[in-house]
Amino acid sequence: MNLHITKSKNAESFYIAKSYAKSGGGTSSKIIRKLGTLEQLLPEHGPTRDDVLAWAKNEVKLETEKYKKEKEAKTIMIPFRADRQLDYGVQKFYRGGYLFPQSVYYGMQMHKLCRKLKAKYKFRYDINAILSDLVYARILEPASKRSSYKTAMEFLEKPSYAIHDVYRALDVLGTECDFIQSEVYKNSCFLGKRNDKILYYDCTNYYFEMEQESGSIKYGKSKEHRPNPIIQMGLFMDGDGIPLSFSLFPGNTNEQKSLKPLEEKILRDFGCQKFIYCSDAGLASESIRTYNHMGERAFIVTQSIKRLAKEDREWALSRTGFKRVSDDKPVDITVLDEDDTGLYYKDIPYTPKKLHQRLIVTYSPKYARYQKSIREKQVERAEKMLASGNTKKTRKNPNDPARFIGSVSVTNDGEIAKEHKYLDVEKISSEAQYDGLYAVCTDLLDDDVNGILKVSEGRWQIEECFRIMKTDFSARPVYLQDENRIKAHFLICFLALLLYRMIEKRLDYRYTCDEILHTLKTMNFAEVEEQGFMPLYKREKITDALHDACGFRTDYQFITKSSMKTIQKKSKGRE
């Protein structure tokens with residue numbers, strides 16, 4: 001390697017070049033790396049040209065040493081025979097994507113937690129291997145426990161247990177579900193401080209492939225409008241979108257009753273005493289607000305404008321008194337530009353019962369335009385229904401276009417007449433007055449509005465948590481019936497979500513869920529003649545980011561067996 005300097009009329013440029021022999025005789029050189037122009041390099045490596053020159057020569061030295069090391073690296077020659085068939089029953093394909101969630105799993109000291117369980121129950125099987133494999137398989141190839149065992153057989157580190165051990169372990173995992181959650185929370189702090197000053201809470205439900213109720217599996221209102229019995233889940237999430245704890249409760253139970261037992265567990269077992277509770281209006285009853293006004297806790301919850309008392313509702317719907325959130329300046333929202341994207345608010349003291357609160361109403365022109373466009377399409381569908389005569393309501397939900405179709409069956413004199421269907425203009429106008437408006441209630445009476453609204457906006461992440469569990473990790477439908485095994489199933493899904501979210505955070509939220517999961521699923525290897533492994537995936541920026549975040553690399557052209565064992569140790573934090 002040598003330093004190559006070129007001068008032009010306007011600049012002096014520095015390069016690292018490498019000389020090589022030409023096939024026809026003589027020598028030439030090629031540019032390995034451009035260091036920059038003198039003008040670019042002086043601010044950082046100056047102040048004089050001699051200083052820049054000294055720095056450039058040192059870079060050449062470093063590049064030369066790097067080249068020599070690469071040249072001295074072992075070149076592996078593996079002979080293949082075109083006339084030799086594959087051996088029977090020899091595995092060639094291996095999954096390696098599990099190594100990345102494994103680095104988080106061991107970073108949270110999960111193996112030590114499993115040692116405590118083993119010491120308590122005195123079983124012989126390796127519960128750490130079972131739990132970790134079930135969690136990794138849930139991320140890479142979500143399926144039944146038997147199928148997950150088959151998936152784990154394709155990992156670089158094969159299971160050391162039998163399938164019957166998996167079912168025995170499920171009973172223990174279900175029994176110790178609460179203990180595992182509290183230990184996982186404490187151990188997750190080894191990977192960095194948790195943002196537990198803001199806790200989001202929401203509920204969802206999961207359906208079962210069965211027709212009879214059993215235990216907590218009850219008929220209730222399914223979020224997916226299915227006729228199957230369901231079980232419900234309450235989930236707490238921290239301010240970074242990382243799950244904190246969950247609980248299960250019967251499918252026919254009011255979800256508001258689920259909060260207090262889980263929150264008491266967090267206060268008692270997790271040591272979280274000071275936080276802001278944030279939820280939607282369905283989990284923000286007066287009793288829930290009062291409960292979260294106690295101690296060092298506070299709340300920020302969504303408030304339905306339609307359910308406000310008449311006087312407060314009229315104030316909320318009034319287009320006067322708004323201020324811009326960014327600078328607190330008064331704004332007349334009735335004269336905003338059509339393409340305005342700002343956010344505006346007004347607030348008043350609010351005491352519907354005994355608890356002193358603050359009601360904040362926001363207005364977003366962008367959100368108003370969105371709601372208006374959706375409603376206009378629904379009105380068009382209602383008009384088509386009237387024209388065709390098909391005006392029967394098809395679904396009982398607030399987005400059914402048939403809600404804009406009114407009917408009258410009496411004359412002006414009160415006599416019975418044939419039913420007449422019409423487009424309910426008053427209903428359309430009534431809904432339009434809510435366009436762009438959104439309300440929250442809080443007991444933080446003196447805090448900055450911008451900060452309060454930012455906390456409330458973070459609720460979308462808990463909806464994403466549920467979507468990932470249901471869709472990407474296939475948490476439903478559930479085929480189990482035993483209560484402990486049902487708990488174990490959701491514990492595995494919860495831990496898979498936790499590991500995934502931790503990886504997402506390590507990647508600075510630069511990649512989508514689909515991108516991360518797709519990459520992990522494709523990071524596979526082929527064993528080559530029992531000598532080592534060859535990666536089968538495409539190196540991209542996201543694979544580089546995963547390797548950098550987890551502290552090891554698998555993107556070499558060939559990895560010897562000893563090197564792969566070293567990689568496996570690094571993924572477990574064992575250098």
Side-chain angles (χ1 to χ4, degrees), residues 44 95-110 132 135-136 138-140 184-200 202 235-245 272 275-276 278 326 341 343 450-451 453-469 471-473 493-524 535 537-556 567 570-573 575:
E44 187 174 354
R95 297 175 185 263
Y98 78 93
L99 293 169
F100 300 93
Q102 180 164 271
S103 70
V104 180
Y105 180 94
Y106 277 84
M108 292 194 301
Q109 310 289 311
M110 291 290 291
S132 58
V135 172
Y136 306 155
R138 183 59 52 177
I139 295 173
L140 299 179
V184 165
Y185 164 73
K186 294 169 187 174
N187 292 349
S188 67
C189 296
F190 288 119
L191 299 177
K193 184 174 175 57
R194 294 289 296 267
N195 184 9
D196 53 14
K197 300 306 178 188
I198 301 168
L199 298 187
Y200 296 90
D202 204 353
L235 177 69
F236 265 111
M237 177 192 81
D238 71 15
D240 291 331
I242 299 174
L244 191 81
S245 183
C272 297
F275 58 83
I276 297 172
C278 188
S326 58
T341 57
L343 183 63
N450 198 15
L453 295 177
K454 281 184 178 180
V455 171
S456 183
E457 288 168 6
R459 287 189 307 102
W460 67 269
Q461 293 188 85
I462 200 164
E463 295 292 344
E464 187 180 44
C465 282
F466 286 139
R467 183 196 63 77
I468 292 170
M469 285 184 71
T471 306
D472 297 296
F473 295 162
C493 295
F494 169 82
L495 292 175
L497 177 65
L498 175 63
L499 297 192
Y500 162 74
R501 283 296 208 182
M502 287 289 194
I503 291 173
E504 195 177 45
K505 185 179 179 182
R506 284 186 177 186
L507 297 175
D508 296 324
Y509 306 100
R510 287 174 288 165
Y511 302 97
T512 65
C513 177
D514 287 342
E515 289 172 332
I516 295 171
L517 293 179
H518 172 74
T519 302
L520 292 176
K521 290 175 182 179
T522 58
M523 297 187 80
N524 302 316
Y537 61 88
K538 181 169 61 174
R539 183 185 175 188
E540 298 175 301
K541 288 184 178 180
I542 187 172
T543 61
D544 285 347
L546 280 166
H547 286 119
D548 292 341
C550 296
F552 58 85
R553 303 204 73 86
T554 65
D555 51 0
Y556 300 106
I567 292 169
K570 284 185 176 180
S571 72
K572 296 177 182 178
E575 295 293 340

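What you see is a predicted model, and the numbers here were worked out from it, not measured in a lab.
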**Message:** For M523 and L99: C-alpha separation, side-chain torsions, deciding distance, then whether side-chain contact (heavy atoms from CB on, under 4.5 Å) applies.
**Reply:** CA-CA 10 Å; M523 297 187 80; L99 293 169; over 6 Å; no
**Message:** What's the separation between atom CG in L191 and atom OH in Y106, rounded to the nearest 0.5 Å?
**Reply:** 14.5 Å
**Fill in**
The reported gap from CG in D202 to SG in C465 (rounded to nearest 0.5 angstrom) is 10.0 Å
**Message:** Under the criterion side-chain contact (heavy atoms from CB on, under 4.5 Å), I'd like the reasoning laid out for L517 against Y500: C-alpha separation, chi angles, the key distance, then a yes or no.
**Reply:** CA-CA 9 Å; L517 293 179; Y500 162 74; 4.1 Å; yes
**Asked** With side chains defined as the heavy atoms from C-beta onward, is the minimum distance between D196 and F275 less than 4.5 Å?
**Response** no
**Complete:** Residues passing the side-chain hydrogen bond (donor to acceptor under 3.5 Å, both in side chains) test with R138, sequence neighbours excluded, are none
**Asked** Is there a donor-acceptor contact under 3.5 Å from the side chain of T522 to the main chain of T519?
**Response** yes
**Request:** Give a yes or no on whether the backbone of L453 and the side-chain of S456 come within a donor-acceptor separation of less than 3.5 Å.
**Result:** no
**Complete:** Between F552 and S103, the two heavy atoms sitting closest are CE2-CB, 4.3 Å
**Item:** Side chains of R459 and C278 in contact at under 4.5 Å (non-hydrogen atoms)
**Value:** yes
**Fill in**
The reported gap from NZ in K572 to CD1 in I567 (rounded to nearest 0.5 angstrom) is 13.0 Å
**Prompt:** Hey, does S132 have a side-chain heavy atom less than 4.5 Å from the side chain of Y98?
**Reply:** no
**Asked** Which residue, R194, K505, K193, forms the salt bridge (charged side-chain N to carboxylate O under 4.0 Å, His left out) with D240?
**Response** K505
**Message:** Are R506 and V104 packed together at the side-chain level, in the sense that at least one heavy-atom pair is separated by less than 4.5 angstrom?
**Reply:** yes
**Prompt:** Mind checking whether L546 and I503 have side chains closer than 4.5 Å, heavy atoms only?
**Reply:** yes
**Prompt:** If you measure from CD1 on I516 to CZ on R510, what distance do you get to the nearest 0.5 Å?
**Reply:** 9.5 Å
**Request:** Specify whether H547 and Y537 have parallel, tilted or perpendicular ring planes, treating 30° as the upper limit for parallel and 60° as the lower limit for perpendicular.
**Result:** tilted
**Prompt:** So do the side chains of Y200 and L235 get within less than 4.5 Å of each other, counting heavy atoms only?
**Reply:** no
**Residue pair F190 / M108, side-chain heavy-atom distance below 4.5 Å** = no
**Message:** Is it the case that over 12 heavy atoms from other parts of the model lie below 6.0 angstrom from the NZ atom of K454?
**Reply:** no
**Donor-acceptor contact present, side-chain T471 to main-chain R467, <3.5 Å** = yes
**Request:** Report the C-alpha separation of R501 and E504 in whole Å, then their side-chain angles, then the decisive distance to 0.1 Å, and conclude whether the salt bridge (Lys or Arg N to Asp or Glu O under 4.0 Å) test is met.
**Result:** CA-CA 5 Å; R501 283 296 208 182; E504 195 177 45; 2.6 Å; yes
**Asked** Say you draw a straight line from CG of D472 to CE of M469; how long is it, rounded to the nearest 0.5 Å?
**Response** 11.5 Å
**Request:** Determine, for D238 against K197, whether the closest basic-nitrogen to carboxylate-oxygen distance falls under 4.0 angstrom.
**Result:** no
**Request:** Could you tell me which non-hydrogen atom of Y185 sits nearest to which non-hydrogen atom of C272, and how far apart they are?
**Result:** OH-SG, 3.4 Å
**Item:** Non-hydrogen side-chain atoms of V135 and P101 separated by less than 4.5 Å
**Value:** no
**Prompt:** Are F100 and Y136 near enough that their ring centres are under 6.0 Å apart?
**Reply:** no
**Message:** For M237 and L244: C-alpha separation, side-chain torsions, deciding distance, then whether side-chain contact (heavy atoms from CB on, under 4.5 Å) applies.
**Reply:** CA-CA 5 Å; M237 177 192 81; L244 191 81; 5.9 Å; no
**Complete:** Rounded to the nearest 0.5 angstrom, the CZ-CG distance for F473 and L140 is 9.0 Å
**Request:** Before giving the answer on side-chain contact (heavy atoms from CB on, under 4.5 Å), spell out for K521 and I139 the whole-Å C-alpha distance, their side-chain angles and the decisive distance to 0.1 Å.
**Result:** CA-CA 8 Å; K521 290 175 182 179; I139 295 173; over 6 Å; no
